[in-house]
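Here's the structure we're looking at; comments come further down.
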2 protein chains.
Amino acid sequence: MRKPRRSGKVTLSDVAAAADVSAITVSRALRNPSVVSDDALARIEKAVADLGYVPNLAAQALASKRTNVIGALIPSVTNNVFSDVLRGIYDAIHGTRFQLQLGNTRYSAMEEEKLLLTFLSQRPAGLIVSGIDQSRTARTLLETADCPVVQIMETGPDPVDMMVGFSHLDAARAAVEHLIAAGYSRIAFLGARMDPRTQRRLQGYRQALEQAGLHDESLVVTTPQSSSISLGAHLLGDLLARRPDADAVFCNNDDIALGTLFEAQRRRIPIPGALGICGFNDLEMMQTAWPSLTSVRTHRSGMGQDAVAMLISAIEGRRPDNPVVDLGFEVMARESTRRSPMA
Amino acid sequence: MRKPRRSGKVTLSDVAAAADVSAITVSRALRNPSVVSDDALARIEKAVADLGYVPNLAAQALASKRTNVIGALIPSVTNNVFSDVLRGIYDAIHGTRFQLQLGNTRYSAMEEEKLLLTFLSQRPAGLIVSGIDQSRTARTLLETADCPVVQIMETGPDPVDMMVGFSHLDAARAAVEHLIAAGYSRIAFLGARMDPRTQRRLQGYRQALEQAGLHDESLVVTTPQSSSISLGAHLLGDLLARRPDADAVFCNNDDIALGTLFEAQRRRIPIPGALGICGFNDLEMMQTAWPSLTSVRTHRSGMGQDAVAMLISAIEGRRPDNPVVDLGFEVMARESTRRSPMA
DNA sequence: TTCAAACATGATAGCGCTAACATTGTCAAC
DNA sequence: GTTGACAATGTTAGCGCTATCATGTTTGAA
């Protein structure tokens, strides 16, 4: 006879033996205590504690064909935008039976495909993906995944399944319209990374300026480098070298806006008198900065929360009435775009 | 006869049938292609592609008693410090066979225990935990877990297994000594959250000032609230209400330092002439701020990277020579603590 | 020619758990 | 006292994969 492949670990049947019941009773006691007699329950609980039993998730998943795993793919863990989304996800998942499996795509479609495969091999209960620009392959994987899927960050015309986001194009256009209304006319665009959402913000910028007859492509300064505060400072330098007459900057995100502010201060450029600054996302620092910085408020943790809520509803069979949720945005006008110079 | 509980999914034996080999050969082909003939391999690869086979991780884990899961517990996903650590972890894990399972403890020991149990039920290959102040229960769980464990963020005398970090006390003391050397004498401490690492930084602050005969507890302003830039602004307000004569602030972290800077600018307090500012962690913004802000550089992504590297070594049986790695710190002296007022 | 080593593949038996059905005992209703 | 509804528990057979041992087939050196 072969020797059994036992691991030193305590299993369900060890608990069952110790509590003098069958394995299935222990299984029931753990998952649905109300169907087990108080007497048996007490013995089982004691045995679990005595033996230090920890259930084996792999075996659970295999036997029940279900997992509690919600997979989420985000492009960056350091970008404040995504860490806020992530906080929302964790907040909503907290206290439920689900657990999060996080994947970091690093803004790469190939990484996204690879991670998707890894996630699918866990048979997740639901999936969250960022953006609406999945590769053809990734999209097919998502469509054939037999679990609900939510795309977050953006809304678009063709959801894989569900969506929570907002229109980056509209948000950018509203911000630029605010700058125009404030009296600025040579409004630059400072952008980094240039991922699809950034591209759509650039599009919104162009639309607003074209409509006002103010569009001038030489005011657009972009770089594929990833965004940072110091990069914002450099981008302002690049802009002013080329167009010293620019009178406002619409920054692709708040880090760049803050870098712009610092660089302007360093150059003794009065804000907002000589230069208006508008960011994007409205991170917490924007209102505390001096001068406070105009930005477009987006509902980042809300997107995470709603995504999880929609997912859980769908997993439990209650599909939301509307599969596409637009959380909107708000232009937060502050000192940095108030034309009269500060006291 | 009962009907089999088949899930519509493609399994190993489906692939085996399609490739006209046995299941175990497919298994080998997938895990270790070199032991399978080229001929069989080709047929198997074709079958996998044709059928869209995705292996079932739960079954793999159950049968092999191994997983590729590295679990990491961090107290916050929004705090920049931890997102940098997380980036380091992802960087180091990228390209290996391991995948990360992330848990967010929200600075709660109870949450940490719960997550630890969840993680252990996945039989992870390794674990990363933050800090050295685990609860008694958590510590026991970690000690009895049959996988390597790395504690990160801090070093201390009594590792569960391995450690990567630095001394927060020494780092804070060095920062305060720098302030003293720069000529400041009424040096305040601004602290938020007051988690164990913050407490030890406060201790370092006290030691440095006591040694210089400058310690004065009324200069210590703390709050249990979680840290933010606007909180930094408020803390400076609180300090100045109580001690308008303070001439420098050692901020528990960079967010508070930046908030302090903004608030000082708002109040037209010359930095560094009337007030020196020193932060902690040296986030990227510190050198770009105007004036640039002194801070203590810590090796956040390095901690994440080293933790993963040590873990993987240990998993593969090569335990590192030294289980405790001290990554140190550097005081980055900048404009905000340079006593002569800026031009 | 022979035999062992190396190679390629297969049969079998679990891993630890749960779904599905089966059994037993209890109690109220007729 | 029979019936059936219900509650509590048990038996059995997998879930999809891999460890282990077994078998057949080739190769090359003696």
Side-chain angles (χ1 to χ4, degrees), chain A residues 1-44 47-48 51-68 97 120-123 146, chain B residues 1-44 47-48 51-68 97 120-123 146:
Chain A
M1 201 181 90
R2 310 227 183 110
K3 63 165 184 285
R5 286 190 270 151
R6 290 204 40 86
S7 62
K9 281 281 176 183
V10 179
T11 71
L12 242 204
S13 28
D14 297 333
V15 175
D20 197 29
V21 291
S22 71
I24 190 71
T25 303
V26 178
S27 171
R28 282 196 271 253
L30 263 30
R31 284 176 300 149
N32 187 6
S34 66
V35 303
V36 174
S37 66
D38 293 349
D39 181 46
L41 201 55
R43 294 200 315 275
I44 290 168
V48 165
L51 300 174
Y53 170 69
V54 179
N56 183 321
L57 277 194
Q60 264 177 13
L62 185 57
S64 68
K65 303 178 168 316
R66 276 188 277 98
T67 66
N68 300 333
R97 69 182 170 92
L120 287 177
S121 57
Q122 300 184 52
R123 315 288 130 118
D146 59 349
Chain B
M1 203 182 90
R2 308 222 187 114
K3 64 165 183 284
R5 286 189 272 149
R6 291 204 41 88
S7 62
K9 282 281 176 181
V10 179
T11 70
L12 243 203
S13 28
D14 296 333
V15 176
D20 196 30
V21 290
S22 70
I24 189 71
T25 303
V26 178
S27 171
R28 282 196 272 252
L30 263 30
R31 285 175 299 149
N32 188 4
S34 67
V35 302
V36 174
S37 66
D38 294 348
D39 180 46
L41 201 55
R43 294 201 315 275
I44 290 168
V48 165
L51 300 174
Y53 170 68
V54 179
N56 182 322
L57 276 194
Q60 263 177 15
L62 185 57
S64 68
K65 304 177 168 317
R66 274 187 277 101
T67 67
N68 299 334
R97 68 183 172 93
L120 287 177
S121 57
Q122 301 186 50
R123 314 289 131 115
D146 58 350

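The figures here come from the full heavy-atom set of this structure, side chains too, leaving out hydrogens, waters and symmetry mates. Treat the numbers as computed from the prediction; the structure is a model and nothing was measured.
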> Mapping B/Val36 and B/Ala59 to their closest nucleotides on DNA chain C, which lands nearer the 5' end?
Replying inline: B/Val36
> Rounded to whole angstroms, how far apart are CD1 on A/Ile44 and P on D/dG10?
Replying inline: 9 Å
> Looking at the side chain of B/Ala63, which of C/dG16, C/dT18, D/dC17 is the nearest nucleotide?
Replying inline: D/dC17
> Between D/dT9 and A/Ser22, is there an OP1 or OP2 to side-chain N/O distance shorter than 4.0 Å?
Replying inline: no
> For B/Ser37 and C/dT9, is the shortest distance between a side-chain N/O and OP1 or OP2 below 4.0 Å?
Replying inline: yes
>> Please check this pair: side chain of A/Ser64 against backbone of A/Gln60, looking for a donor-acceptor N/O pair closer than 3.5 Å.
In response: yes
>> Output the rounded distance in Å from CD (B/Gln60) to C1' (D/dC15).
In response: 14 Å
> Between B/Ser64 and D/dT18, does any side-chain N or O lie under 4.0 Å from OP1 or OP2?
Replying inline: no
> Is a side-chain donor or acceptor of A/Thr67 paired with a backbone partner of A/Arg123 at a separation under 3.5 angstrom?
Replying inline: yes
>> Any side-chain N or O of A/Arg31 below 4.0 angstrom from OP1/OP2 of C/dA19?
In response: yes
> What integer distance in Å separates B/Leu57:CG from C/dG16:P?
Replying inline: 18 Å
> What nucleotide among D/dT18, D/dT9, C/dT9 has an atom nearest to a side-chain atom of B/Thr25?
Replying inline: C/dT9
>> Need one value for A/Ala40: base, sugar-phosphate or nothing, where a base atom within 4.0 Å counts as base even if backbone is also close, heavy atoms only.
In response: sugar-phosphate
>> Determine whether a donor-acceptor pair (one donor, one acceptor, N or O, separation below 3.5 Å) exists between the side chain of A/Arg28 and the base of D/dG10.
In response: yes
> Any side-chain N or O of A/Lys65 less than 4.0 Å from the OP1 or OP2 oxygen of D/dG14?
Replying inline: no
